[in-house]
Amino acid sequence: MSIEAGKHRPPEHTGQVLVLRDVVRVHGSGDAEVRALDGLTISIAAGEFVAVMGPSGSGKSTLLHLAGGLDTPTSGTVRVEGTDVGALSVSGRAALRRRHIGYVFQDFNLIPTLTAAENVALPRELDGTGRKAARTEAMAALAELEVQDLADRFPDEMSGGQQQRTAIARAIIGKRRLLLADEPTGALDSHTGEAVLEVLRGRADAGSAVVLVTHDARFAAWADRVIFLRDGTVIDTAGVDSAEELLAHSR
Amino acid sequence: MNRLRILLLLAWRDAVRHKGRSLLIVALVALPVLVIGAADVLLRSQQGTPEISVRGQLAGSSAYLWAPLGAASTDQSPADTWAGQFVAVDKSARPAATATFEGGPGDPAMVDVGQTPLRSASEVLALLPAGSSVTPWDHGNTPISADGIRYRMADADLLDLASPAAGDRYRVTAGTAAAGPDQLTLTPALAAELGVAVGDTISVGAPARDYRLVGLVEATVHGSTPVKAVVGQANAVAGVAQWNGPRYLVASPVPIGWDLVQQLNAVGIQVYSRAVALDPPFVPEQPYDSGAAIGLAAAVILVVLGLTQVVFLSGPAFAIAARKMRRQLGLAAATGAAPKHIAGVVLGSGVLLGVIGSMLGTAIGALIGVWIQHPLTKWTGIDFPGVTVRFGELALIAGIGAVTSVLAAAWPAVTALRTDPIAALARRAKPPKRPGMISLLGLVLAGVGVIVVVWAASRSIPAEITGMARSDVTGQRSLWIGAGLVAIQLGLVVGTPQLIALFARLGRVLPTTPRMALRSTARHRGRSTGAVATILVASTGAVLAAVLIHTMNAQQETEYRPALRTGIVTGTSYSTAPDGAVTADGRDRAERAVDGLVERLWPGAPSAVANRLAVVGHQSEEVVPTEAADYRCPWYSPANGSSYVDRDITVPDAGESAAAATDIRCAGMSFSALTPEQGHIAVSNGQSSMPSIVVGDATYRRLLTGVDDPAADSALTAGKVVVLDRHYFDKGKFSISTMEWPNNADKPTYHPAGSAPAVLGRWALSPVIAIVPPAALASLNAMAGAPGFVVETASATRAEAESLSATGEAAGLSLSVYVETGLPPWTSEFPSVWLILWIAVALIIGVVLVVTALGVVDADDDSATYAAVGASANLRRTLSGWSALTTTGVGCLLGAASGLLVSWGIYRLLQNLNGGEVGMLVPWPQLAILVIALPAVAFGLAALFTRSKIQLIRRAE
């Protein structure tokens, strides 16, 4: 399969879904102080697929944690759908994740004691949606990822690709417009990885803002824009026309 | 509701996925509930339902009643089976009948209904509904023998089984019911024990006479009826001792209701009625509020159950379960679960496993409670009239168990509230916190406790403080020592995290495996602190009890003075005549009976008959020896009101006690509060087992003392008194006085009775002060009273002593028997010290195994790492073993140290109060078991029960 990055252009943007402005995140203190993000400012619009690349320790994961409301900035603001994440309580951030943010992890992170459908329905049920309604939504999400036949299987009864599709289904259930993917292809073979990227691309084309953290230029080539991080700051931003161009750029 | 469902689902699936861990938690929840459930069933079964209880009392009868003569009125509660033992007396109505029974509790107008003659059956019948029938029913204890030689005591019911009023209390299983005055029936158990069959002749009663066994009967009711019963015609067995009180059984065509009971009460008759007991009326003022006591007991049980559950058992288990779920909880948080949802999952575990554990525990406990009744009856004699299961109470116990397990999960849930999703997803563990200030304060508190104990124990009590003031000071000091003990225990429990951290630092020098185990114990202090605290308290208690029992036992051995030589049996009869008078004829008959008795029980054994010294007009205890004026123990005198029999003297302090003990004038007297309690068998019915002045001859003296003393024997033959206690030997004479103790007087008055020539016999240890030959009685103005005997046996047993007493009773003699066995070494100590030790050991092993199992579950990830770096498969076992050893060792060592310290404090206090000839003794074998063997056993068991292999890679199928 040839790599044709950027083959899907974003539709008309309908507003900024994720905005980080002058964000600083410091871990530890004193001699152990680490500035994971150092004055980062980026914004991602609805329908935009953005890849984040950089070496280990460049702040990619911290960026996702802040964007996902799992963490709060030391200074600066993080806004999701216009809501200041740093101003929210712990419960408020949890509600934000349930309703507006989908998270996809490298090692799938499905809850092993829940079936695929239950995993996908979890955010909706936690948000108070009835069991049947939540299952209906979950089945729809699973169908979108073409794994509806696996709805009643437990994670350890599925292959890696199937688990990741289920994880993506969990990330897109409901009316979420921000999809955060942390190395979602890291544990998959290249063929399955491509399939996952196709799904993410499709979500962006459907109007979601998608942030993909990856080390692999071939996968980053699926994005509309690539942000290069080093030492917590953006060192470059590039539009993507081809994987070869991106590879050259990343060098 | 839907949120709750998903939280419970998460908790349930996690529990099912990790079955081993869940089973452990269920077991920990179930254990205390099981004990309480079993106890509830046992208690209720022992109490029985009202129906069972009523049947136990009445069988098929309508009621029983006490109908004392001359009683004016009585007052009873509906359910009383022995309603108010005393009734008011109407002296004007029946003065003669009640005259000798006055003297109820504090009120001369009250009589004891159990000792009062009854109204006749026809008098009672006239007060009952038409068509009723009445039969006398009496029960008590009587001598019984198959051969007429050796008797034993047996419970007896005297009841006419042919009367309809007897109900179906007994069922005839062989032969017929007793119909004539010389007939009786036995329960099969008693017949088998006596080795008799229907048709045989049996001697029963006091004095005994012969009856023919005409049948075997079995009781149809449990409870109040003895298992072994002798059933004969009413009042056929004469002279039965220790009656519980006569009564009438009633069969009535109509129920005897509360109104009729009150009418009968008004004429002094007390009633236990089936109708009233089954449907008791409301009585506003109950004399005793048993509900409050039950409520208090229930509250205590609940608190103990709750604390045990929360602190020691399922609390740590839930904490570990929550830790193992951490990643799942982090995932749920990343998916949008709020902290309350995360806490809800952990609490959900508490609810699910708590409900399962409580229900299982209650069910198994109830089954055990039912199953164990039969063995318990067999082992202990506790009677269970029928299985009674109160499902409401069991449901309450299960509910409380479930609630406490939710409480146990509360703290882990609170901790889960603070779950950091990022750290959980990255599998990063938070570094353990250093032990806090509270823990440090705990150690300070323990230090203060040590100082308090040392201070209170080491200060001597000034000599000028004597008597009650001295006891008060000792009481205050003991309070201080108690407070010190509490401070040490609390301080060590609170300070355990600091101590464990300290031990972990010492671990640097250890080899790899124990070092890792020690650090793991320190790192998971939350898990190990509860266990160490439990072990600490248990081992403190065990050491404290062992040291004190061991020391007191040694003290007792040192102080024990045998009253007789081992194997010597003495028996003493006494006169029941109010003035102590014994007729010559009666005395001769009794002497022959005693002689025959000894010959029958110990044929050919050396024996001698001797009599109490009696003075006409005085009870035997009113005849006392007169002290020699120049040989009076300065610390003691009968004139101050002390009893000369027990010779136990309170002296000001240990110094004076030592002085008194070495003063020849006080020889043979005891100066310690540690009175010997073992070493003899006394079968007595309230009288002194040995008289202090005995009328006897040289044979009696030789058998009693075992000392060869020709001078004394010659003196007895010559008609001189042999005095065995120097205090009463006054310049070649022995004198007696009679003692009177007028009402309301502080001291008795003494009147000299007579004096006789005497010699001093050889023998220091003697309950007998003087042996008076018959020839000296006239000089003393005394006479030979009730007879007794001395017999030399190889080694008499308790059964023989009881048989002797029963046989004496059958012969018409009220005998007190005393057998010297010598203080058996360790007899008193062995069961108690070892029992306490084994209970502590069982508790400690249980706690350690549970904590180790939890630790193994908790350390799965570490174990995988060890395996990945090439550690042998046995490392897991060894680590478990070292971990158990560390926990047990720390707990036992600290517990033993604090136990020894407090034991020393208490020992010092007792020594200050009572003196003592032995130092504090440490039971080294028990201590070694606790401090050395137990940790080693814990190591072995933990290693044995730990699985060495783990699953390193989990594959997707």
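Below, read A as the first sequence line, B as the second, and so on, with proteins coming before strands; counting in each chain starts at 1. Basis for what follows: all heavy atoms, side chains included, without hydrogens, waters or symmetry-related copies.
When the shell of 6.0 Å around CG of A:D84 is examined, it contains more than 12 heavy atoms from other residues, nucleotides or ligands.
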Can you give each donor-acceptor pair under 3.5 Å made by side-chain atoms of residues 75-83 of chain A, sequence neighbours left out, with the distance rounded to 0.1 Å?
residue	atom	partner	partner atom	Å
A:R79	NH1	A:G82	O	3.1
A:E81	OE1	A:R177	NE	3.4
A:E81	OE1	A:R177	NH2	2.9
A:E81	OE2	A:R177	NE	3.2

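Using a 4.5 Å cut-off between heavy atoms, A:R176 contacts chain B through its side chain alone, with no backbone atom that close. For A:L110, the part sitting under 4.5 Å from any heavy atom of chain B is the backbone (N, CA, C, O) and nothing else.
Annotation: side chain of A:L114 is in contact with side chain of B:R13 (closest heavy-atom distance under 4.5 Å). A:R124 is not listed as a side-chain neighbour of B:I6, based on a closest heavy-atom distance of 4.5 Å or more. B:H341 has its side chain out of reach of A:E125: every pair of non-hydrogen atoms, C-beta onward, lies at least 4.5 Å apart. At least one side-chain heavy atom of A:L126 sits less than 4.5 Å from a side-chain heavy atom of B:L7.
Across all their heavy atoms, A:L70 and B:A334 have their closest contact at CD2-CA, 3.8 Å. B:A337 approaches A:A94 most closely through the heavy-atom pair O-CB, 3.7 Å.
Rounded to the nearest 0.5 angstrom, A:R97 CZ and B:T335 OG1 are separated by 8.5 Å.
Ranked by heavy-atom pairs under 4.5 Å with chain B, the first of A:I101, A:D127, A:L96 is A:D127. The residue among B:L9, B:V16, B:L331, B:L10 with the most heavy atom pairs within less than 4.5 Å of chain A is B:L331.
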